[in-house]
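Working notes, structure below.
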Protein chains: 4
Amino acid sequence: LRGGTDKEVIVMLRIGLFGCGRIGKVHAAAVAAHPRAELAWVSDPVLDSAATLGDRYGARATVHAQEVLDDPTVDAVIIGSPTPTHVDLIAAAVRAKKAVMCEKPIDLDIARVDACWKEIAELSPTVMVAFMRRFDRSIRALRDGVHAGQIGQLEQLLITSRDVAAPPRSYIAVSGGIFRDMTIHDFDIARFIMGDVVEVQAMGANLIDPDIQAEGDVDSVMVTVRSADGALCQIVNSRRCVVGYDQRIEAFGSAGVLNVGNHVPSTVSRGGPGFSTSSDGYVEAWQERFANAYHAELDHFVTSVLAGSAVSPTFDDGRAALLIADAATQSLISGGQPIRVVQDA
Amino acid sequence: LRGGTDKEVIVMLRIGLFGCGRIGKVHAAAVAAHPRAELAWVSDPVLDSAATLGDRYGARATVHAQEVLDDPTVDAVIIGSPTPTHVDLIAAAVRAKKAVMCEKPIDLDIARVDACWKEIAELSPTVMVAFMRRFDRSIRALRDGVHAGQIGQLEQLLITSRDVAAPPRSYIAVSGGIFRDMTIHDFDIARFIMGDVVEVQAMGANLIDPDIQAEGDVDSVMVTVRSADGALCQIVNSRRCVVGYDQRIEAFGSAGVLNVGNHVPSTVSRGGPGFSTSSDGYVEAWQERFANAYHAELDHFVTSVLAGSAVSPTFDDGRAALLIADAATQSLISGGQPIRVVQDA
Amino acid sequence: LRGGTDKEVIVMLRIGLFGCGRIGKVHAAAVAAHPRAELAWVSDPVLDSAATLGDRYGARATVHAQEVLDDPTVDAVIIGSPTPTHVDLIAAAVRAKKAVMCEKPIDLDIARVDACWKEIAELSPTVMVAFMRRFDRSIRALRDGVHAGQIGQLEQLLITSRDVAAPPRSYIAVSGGIFRDMTIHDFDIARFIMGDVVEVQAMGANLIDPDIQAEGDVDSVMVTVRSADGALCQIVNSRRCVVGYDQRIEAFGSAGVLNVGNHVPSTVSRGGPGFSTSSDGYVEAWQERFANAYHAELDHFVTSVLAGSAVSPTFDDGRAALLIADAATQSLISGGQPIRVVQDA
Amino acid sequence: LRGGTDKEVIVMLRIGLFGCGRIGKVHAAAVAAHPRAELAWVSDPVLDSAATLGDRYGARATVHAQEVLDDPTVDAVIIGSPTPTHVDLIAAAVRAKKAVMCEKPIDLDIARVDACWKEIAELSPTVMVAFMRRFDRSIRALRDGVHAGQIGQLEQLLITSRDVAAPPRSYIAVSGGIFRDMTIHDFDIARFIMGDVVEVQAMGANLIDPDIQAEGDVDSVMVTVRSADGALCQIVNSRRCVVGYDQRIEAFGSAGVLNVGNHVPSTVSRGGPGFSTSSDGYVEAWQERFANAYHAELDHFVTSVLAGSAVSPTFDDGRAALLIADAATQSLISGGQPIRVVQDA
């Protein structure tokens, strides 16, 4: 690592960002707000996108990813480019001795994920997968409560995740299916709370958007998962929720229950003839719901890299979530067969 | 007491009811449902009212109150007749050796209340004033929590009481004013939780019903009260609340806070575009909100009388609440002067 | 029907009750409180049980069920005896021209259920299955809201049912398994809200009570169900919930969401250092949670029988729920295979 | 105004900050985060405080306030220095043609406030008083709802404001008393929602901190206020709330009710034996509760000054709140007399 001439004086982590789209902008803003991080480069195949974002935060802009990796003053990179580019960028960045934070999923193809790891494993890479929900204050508090024994033995985990509106057909076409694209967050959260998963059953339906069906995907799913410790978990997903962005978790155990509820934009409630409370809908976007998480995630990455300590969630966490998504996909395709999940490579 | 030939075998309390109107019916139903009480007589100047209610519960009906008092098998009476009749019925019932439960207020005129007490004091009367809210499960739990020290030292008490709709002008005309008619419940609850009251300030307004103003009364009031222990209390009343029957209490102390919330008819909530929860309004009537209280109140009366133990709230509690109502009235009339409350007769 | 000499004057339904155990007492109390029903007979193989309950409500008591059926003044019977006795009592009662309300399940064996129906079908029987949850005010409001289109098209239904504590091993031994004993209520509610079911997946675990495992049953289950209309449903059951009796429903649709929450014993909440609200746990027993439902259920039965109109849920509703329970059992036994449900006899 | 050589190109407002203490730091951070504002100067009598804050945000630091005012590139100033310095700084800044945002209160002495205004009135000053609560998303939504008629005619307003812990005696000594220091925020919010105030009653007590009593001040107050439109308002204040920073508002009207609730740090709730929900306490500090408000407040100031449009709340709003605080103080000193508020200078 560098950022100065001497380890003692390194106080800022210089970061290069790949991808200047929707998620790239979220990361750029988080870097700009972090007291110990600096946005050195932004890179995007579309020069205008890179230039605009670079101007906003005083970073250099390029269409050539390699230019970022060649800059010896860059300590770390954030990969927010399209999924198919992830594994190559990870490998190149690791070879260039950069610490890496990569958006989920690592790849849609487990074979490519494994090949990537094989390529970088010996380089002692620092690769973090950006499952930002793990850094949400409420989710983390629930998980810490479970691990601290607040509910005794965990028996049942219920995860509800519903997006506000379905993405366009073009997005669905390259998404890898709902399990690898959307439920993968919930699979990761399930592992975060209950540990490894050994069995998956899935049921899906097309209830919302004919375009999704036309792409061979489903828009509403219910998945049941069994953990290695024997606990059960249900995950409910929908591509549309008119009330807002719906993200809730219930952890139920032998001694109690912990819940994470939705965020609302204000604390205003109303009453009138026939109703006693009525607040705003839930917040409308994952950017708002998980705003705190993106900052906490980046802080973990920056702090860990500067300190030379381990990052988490790891490359292997990203792989494990994809394995569960693959199993769920297989269950769905097979008409609901229960599928064993084997996590060893 | 009787109800049988020997005290050991008295298991049922035979009760006579005065007044077969709205509140009389509530009491009659509670008596009928109580395993150790029996409705022996109902009395009302309107024979039809008495006969109908008597038929429904298998009780004898009469227009002559004295007939009830003359029945030696009657152990106790419940006075639910119009306020001006209370003190005479109390005195007559006490002279006839009956235990008495009397609706609030004892009378609108403190002089008549004191005269009544003077008349019966030497007869060791059993007279309970029917402040049923003291028996509500939630209010009692709050009060028990305060007394058990759950919130440390009580510092501030906030009572909100709002009726669904203003009563007719004819009712207002004989009500004695909002403080003696409506706020008197809150004054009693204030005493129930924080003890005796030493100072009152009141502000009122006519915002709802011109008929109330025409009767020289107000329909919206805010009262501030200081307890003998130094705690402060605010009471908010309104004669109209379109959301439903609004009854809430907050007890705030050095170590925490206790709240009693409203009752709702169901646990259903809804969400849709722009709103995340919307339940029914509060329950629509005091009969439903305090249904549990009427049963618990009667149970206390029946159990205490059968056991020969003291009843509560006492005649003196009824008098004390009236004294506070008088002080609040005086404060209002004087344009908001603070009024000292002296509770010794 | 009778209860008088002429149909016009029938105002009271005379009811015979089979079974004087826990559920029998609940039904007896409901009958006693109903203005148009009268408890004529109680019957139980244990004379003491019958005699005690009969005394309490002024009903005749017998150990001979046939004595009840032979009484021509009895209009209807309620069957609350052990499950293996249900089908014979249904058939005998129908032959005796009595209207029948029978506890769930009709029987644990679908073949016996079908044989029973075959026996009585031609007698135009009035047989109602006592799925009391359909009569709960909140559940009914949710269902009516769904059917009225408040949430647009129903897409996902989530049902959580958790008992306070596991029953004794002796109960488990004859229960028919968790799906036929406990989840059957949820299967019925699923049908009540979303209509017929076509597919079931189940996952179960032994997390709570070794006695349940010793009986070959599971204590924690997650079931996914698909309706004929294409909606998905998840059901979560646990035999133990330390917070109280946990009964919640979420109906999620294209235009909104409806929820039924838990009941709590009071509306008191608390705050103190480190916490902002803390109410009592949920109510502790199904008798309290569904107290309103037992009265509403009986009212529907009494009113319908007196009016000669159809009762619901029907015998066939009882059969349909058992079919789903059988399918869930089969899915569990097969290690999680998806099972088709075919509802035609 | 300037900030560039030509009005068309002015995109940044250059701001000087007076006072580098607790509130000064909050303002400095808000300026730094605002896309169209730039912190040009920070000034504090303690050079270290100024230098440290200036370094952090790249602003020049000085102990001489006049140096800031003499800089022609400075467009606007924020006054966050001690209250006694406010009126002189306002006057000097206005004379130097700077736009001003001044912390509340303008001064503790209404005579000095009026003298200040007299001095600057002819200079068409841009002076905004920093009642930041007006910019809180929830409070503004409540007020907008009231003004939009969502609750019909406003009848009763209830404001609860409780700090987490009492300030030190040294702070109390120069605070001007609880009404001018703490309740002044609530008086402003009352005016924000219900308009001008015509009458005040106050009751206070010493329940928390002997130091406050030693300074001749009270720590717990209840104030009743009447608006010019006839609505009633109750304000409850406490210097200590162990649950957290307690800030709630209820606006009750002829057609409904609107409430602003407390903020909590997470959406986690818990259940266990004997309790069904328990979240964290409220947020611990006004900086967190009103974080959104400080940004929105600054945005209003910056946007208005850049656009040349009017700022609000105005100098006169600051004066009006102080007049109510004076009246409340007079009511308290007089033992609770009702005091008329006359708002004309």
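Quick note on labels: first sequence line is chain A, next is B, and so on, each numbered from 1.
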Under 4.5 Å from a heavy atom of chain A, the part of D:Glu250 involved
neither
Looking at A:Ile139, A:Val260, A:Ile249, which one forms a side-chain contact (heavy atoms from CB on, under 4.5 Å) with D:Thr267?
A:Val260
Residues A:Leu142 and D:Val268: closest non-hydrogen pair is N-CG2, 4.3 Å
A:Lys104 NZ: over 12 foreign heavy atoms closer than 6.0 Å
yes
Count the heavy atoms belonging to other residues, nucleotides or ligands that lie under 6.0 Å from CZ of A:Arg240, then report whether that count exceeds 12.
yes
May I ask you to check whether over 12 heavy atoms, not counting those of A:Gln153, lie within 6.0 Å of atom CD?
no
Can you list every pair that meets ring pair (Phe, Tyr, Trp, His ring centres under 6.0 Å) and has a residue in residues 133-160 of chain A, with sequence neighbours left out?
A:Phe135-A:His300
Taking every non-hydrogen pair under 4.5 Å, which of D:Gly256, D:Ala251, D:Gly261, D:Gly253 racks up the most with chain A?
D:Gly261
Using residues 270-278 of chain D as the side-chain source, report each donor-acceptor pair under 3.5 Å to any protein atom, sequence neighbours left out, with the distance given to one decimal.
from     : atom 1 : to       : atom 2 : distance (Å)
D:Ser276 : OG     : C:Ser279 : OG     : 2.5
D:Ser276 : OG     : C:Asp280 : O      : 2.8

Kindly give the heavy-atom pair with the smallest separation between D:Ser266 and A:Arg137, and that separation in Å.
CB-CG, 4.4 Å
Heavy-atom contact with chain A under 4.5 Å, split by part of D:Asn262:
backbone
